Protein chains: 2
Amino acid sequence: MEILSGKWKFHILGTLMEGGKIRFMDLLREVDGIAAKMLSKELQDMEMNHLISRTVLNTKPITVEYEVTEYGRTLEPIIDEIAKWGEAYRNAMFKKQHDQTSEI
Amino acid sequence: MEILSGKWKFHILGTLMEGGKIRFMDLLREVDGIAAKMLSKELQDMEMNHLISRTVLNTKPITVEYEVTEYGRTLEPIIDEIAKWGEAYRNAMFKKQHDQTSEI
DNA sequence: ATCATTAGTTTCCAATAGGAAAGTAGTTTC
DNA sequence: GAAACTACTTTCCTATTGGAAACTAATGAT
């Protein structure tokens with residue numbers, strides 16, 4: 001699943017799946033810790049893969065709404081399965097202080 | 001799922017799940033395109049996360065067998081769900097020539 | 001002695017990922 | 001006219017990822 005690669009796509013997609021249509025700035029606030037550049041890049045990425053749709057609204061300051069597409073919804077079983085796993089095995093935390101992505 | 005991050009973990013885990021116990025050199029041959037360094041690193045990573053086990057056998061030239069642990073097996077629903085998705089939506093390839101993560 | 005096979009490790013390097021901060025541009029409010 | 005809000009983009013920089021190739025070390029075969 002290279003289409004879900006990167007640090008943020010799962011979180012963004014999860015947020016959009018439970019929240020429906022969400023504007024850029026609201027995503028920036030809801031996805032904790034993400035920078036504008038990353039959010040923009042990840043959204044473009046997922047839009048290119050047709051997982052989400054982008055709609056520009058002609059409001060006072062323009063706003064842009066993002067939404068999971070029908071195609072993106074087909075990923076829900078996977079996202080759900082992962083969420084389920086997370087809940088079930090979160091307690092079995094086998095990570096240690098010198099975590100695997102770094103050196104000894 | 002940072003524990004399944006990287007280019008190879010899914011492939012290695014999938015191979016081990018269907019193949020049972022597999023030796024290093026056999027994995028190197030079965031996981032197409034992987035370099036020894038990467039295989040070694042990813043196996044260590046997954047061993048640290050208790051997804052697989054490593055067993056040294058005292059054969060003529062020593063051999064090392066890798067196997068999915070009981071804990072690693074708990075990821076099977078996720079792997080299966082992803083495989084299912086891949087089969088169902090492989091045809092809907094929305095990736096274009098100037099693709100963001102790979103080449104053509 | 002040299003080669004092959006086992007399971008790695010080491011080195012060197014290029015490409016990608018990711019973050020902080022500032023900038024752009026249009027509109028509206030004070 | 002300055003500040004604020006929208007949605008980004010740009011720049012600069014560091015860290016991580018990943019690959020190719022060579023190397024180590026033990027053992028066995030030719």
Side-chain angles (χ1 to χ4, degrees), chain A residues 1-13 15-16 19 21-49 52-67 95 98-104, chain B residues 1-13 15-16 19 21-49 52-67 95-104:
Chain A
M1 307 247 86
E2 327 85 54
I3 59 167
L4 289 181
S5 67
K7 194 174 171 181
W8 299 105
K9 293 206 187 68
F10 263 109
H11 202 320
I12 296 168
L13 212 54
T15 304
L16 284 172
K21 298 178 184 176
I22 310 185
R23 284 173 296 123
F24 188 86
M25 288 308 287
D26 286 341
L27 273 172
L28 203 53
R29 281 182 276 262
E30 284 197 47
V31 179
D32 200 53
I34 199 170
K37 188 187 82 169
M38 288 309 298
L39 181 55
S40 172
K41 202 206 107 213
E42 301 284 58
L43 287 171
Q44 280 172 27
D45 239 54
M46 293 193 286
E47 198 197 346
M48 276 203 287
N49 286 121
I52 58 172
S53 64
R54 195 185 100 110
T55 315
V56 180
L57 306 174
N58 63 335
T59 47
K60 343 35 179 353
I62 64 140
T63 49
V64 179
E65 268 180 3
Y66 292 91
E67 191 180 8
K95 317 195 68 177
H98 62 287
D99 181 76
Q100 80 283 7
T101 49
S102 57
E103 82 306 321
I104 306 175
Chain B
M1 306 247 87
E2 327 86 54
I3 59 168
L4 289 181
S5 66
K7 193 174 172 180
W8 300 106
K9 294 207 186 70
F10 264 109
H11 201 320
I12 296 169
L13 212 55
T15 305
L16 284 172
K21 297 177 185 176
I22 311 186
R23 284 174 297 123
F24 187 86
M25 287 308 285
D26 287 341
L27 273 172
L28 203 52
R29 281 182 277 261
E30 284 197 47
V31 179
D32 200 52
I34 198 169
K37 189 188 81 168
M38 287 310 297
L39 181 55
S40 173
K41 202 207 106 210
E42 301 283 58
L43 287 171
Q44 280 172 26
D45 238 55
M46 292 193 287
E47 198 197 347
M48 275 203 288
N49 286 123
I52 59 172
S53 63
R54 197 186 97 111
T55 315
V56 180
L57 306 174
N58 62 337
T59 48
K60 342 29 177 359
I62 64 139
T63 49
V64 179
E65 269 180 2
Y66 291 92
E67 192 179 7
K95 316 195 73 178
K96 43 214 60 128
Q97 63 289 358
H98 61 289
D99 179 73
Q100 76 282 14
T101 46
S102 58
E103 81 303 321
I104 309 170

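Nothing here was measured: the structure is a model prediction, and the numbers come from that model. These values consider heavy atoms only, across backbone and side chains, with no hydrogens, waters or symmetry-generated copies.
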Subject >> Check: A:Val64 and A:Arg54 side chains under 4.5 Å, non-hydrogen atoms >> reply: yes
Subject >> Nearest-nucleotide 5' precedence on DNA chain C, A:Lys7 against A:Thr59 >> reply: A:Lys7
Original post:
So which nucleotide from D:dA7, C:dT9, D:dA20 ends up closest to the side chain of A:Phe24?
Top reply: D:dA7
Original post:
In whole angstrom, what separates A:Ile62's CD1 from C:dT28's C1'?
Top reply: 14 Å
Original post:
Just to confirm, is there a sub-4.0 Å distance from OP1 or OP2 of D:dC5 to any side-chain nitrogen or oxygen of A:Arg29?
Top reply: no
**OP:** May I have the distance from A:Leu57 (atom CG) to C:dT27 (atom P), rounded to whole angstrom?
**Re:** 16 Å
Original post:
Of all heavy-atom pairs between A:His11 and A:Asp32, which one has the smallest distance, and what is that distance?
Top reply: NE2-N, 4.5 Å
**OP:** Kindly point out which of D:dA7, D:dA20, D:dG28 is positioned nearest to the side chain of B:Ala35?
**Re:** D:dA20
Subject >> d(CG, B:Asp45; P, C:dT9) in whole Å >> reply: 13 Å
**OP:** Measure the distance from CG on A:Leu39 to C1' on C:dA20 and round it to the nearest whole Å.
**Re:** 16 Å
Original post:
Any side-chain heavy atom of B:Ile12 sitting closer than 4.5 Å to one from B:Tyr66?
Top reply: no
**OP:** Hey, which sits more toward the 5' end of DNA chain D by its nearest nucleotide, A:Thr63 or A:Lys37?
**Re:** A:Thr63
Subject >> Residue B:Pro61, side-chain atoms from C-beta onward, closest of C:dT5, D:dT9, C:dG18 >> reply: C:dT5
Original post:
What is the distance, rounded to the nearest whole Å, between atom CE of B:Met38 and atom C1' of D:dT17?
Top reply: 7 Å
Original post:
According to a strict under-4.0 Å criterion, is B:Gln44 in side-chain N/O contact with OP1 or OP2 of C:dT9?
Top reply: yes
Original post:
Can you list the steps and then say if B:Leu57 with B:Glu65 is a side-chain contact (heavy atoms from CB on, under 4.5 Å)?
Top reply: CA-CA 7 Å; B:Leu57 306 174; B:Glu65 269 180 2; 3.6 Å; yes
Subject >> Separation of atom CD in B:Glu2 from atom C1' in D:dT17, rounded to whole Å >> reply: 16 Å
Subject >> Length of the CH2-P vector between A:Trp8 and C:dA17, whole Å >> reply: 15 Å
Original post:
From the list D:dT9, C:dG8, C:dT6, which nucleotide is the closest neighbour of the side chain of A:Ala36?
Top reply: D:dT9
Original post:
Which listed nucleotide (C:dG18, C:dT6, C:dG8) is nearest to the side chain of A:Lys41?
Top reply: C:dG18
Original post:
Can you tell me how far C1' of D:dT6 sits from CG of A:Asp26, to the nearest Å?
Top reply: 11 Å
Subject >> Heavy-atom side-chain contact between A:Ile34 and A:Leu27 under 4.5 Å >> reply: no
**OP:** Provide the Watson-Crick or G-U wobble partner of C:dT29, both distances under 3.5 Å; none if there is no partner.
**Re:** D:dA2
